[in-house]
Asks: 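One structure, pasted below without further comment.
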Amino acid sequence: MADAAVRTIMNEFRTGIGYDIHRLVEGRRLILGGVEVPFQRGLLGHSDGDSLSHAITDALLGAVGLGDIGALFADTDPRWAGADSRIFLSHVAGLLAERGYQIVNIDATILAERPKMRPHINAMQAQLAETLGIEPARINIKAKTNEGLDAIGRGEAIGAQAIVLIAAEGRH
Ligand code: MG
């Protein structure tokens, strides 16, 4: 009975949530959602430090029940040193497709005191959509400051949150 119930669930809709944060440092490019944002500092990380792409990757992995980004792309693996995080997104999109799932929608929030994100949101949306092989209308990206509070508010880091809905083929 329980197995049948699980199978039914697997044939319907699933959600996933993702969160990531990287430290802002001198001497790095700032990459968010696969887009370079002009700024005097960038995000420190084993890969390109794209916290938005990492949060979305984790949300997609969570939705399909495959753990998290660290399990698939270890930050000790030299293959991912300086990696373009779009590699992670496109790989995970492939894992979803292999399992018969499609992305219904992604909603994400960038948490950054500076720089202003609004001028770059459309480019991020387009880049993420292309990388994931979905229509841009399925992705919504927002940006908020932390009102001067905590490490993000002091401009020491940029974080991101994401939530996704995926559906078995033919269900949306
Ligand atoms: Mg990360």
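For ligands, and for the atoms within them, numbers begin at 1 and follow the listed sequence. All residue numbers in this chain count up from 1 along the given sequence.
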Asks: Taking everything shown except Arg23 itself, do over 12 heavy atoms lie less than 6.0 Å from its CZ?
Replies: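 12 or below, so no.
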Asks: Minimum heavy-atom separation for Ile158 and Met117, please, with both atom names.
Replies: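 For Ile158 versus Met117, the nearest heavy atoms are CD1-CE, 4.2 Å.
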Asks: Angle at the Mg ion (ligand 1) between ND1 of His54 and NE2 of His22, to 10°?
Replies: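 Result: 100°, to 10°.
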Asks: Can you tell me if Asp75 has an N, O or S atom under 2.8 Å away from the Mg ion (ligand 1)?
Replies: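 No.
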Asks: On the 0 to 90° scale, with breaks at 30° and 60°, tag the Trp80-Phe73 ring pair as parallel, tilted or perpendicular.
Replies: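 Rings of Trp80 and Phe73: perpendicular, as their planes differ by over 60°.
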Asks: Does Lys142 NZ have over 12 foreign heavy atoms under 6.0 Å away?
Replies: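 Correct, the count exceeds 12.
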Asks: Restricting to N, O or S atoms of Asp20, which is nearest to the Mg ion (ligand 1)?
Replies: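 Looking only at N, O and S atoms of Asp20, the one nearest the Mg ion (ligand 1) is named OD2.
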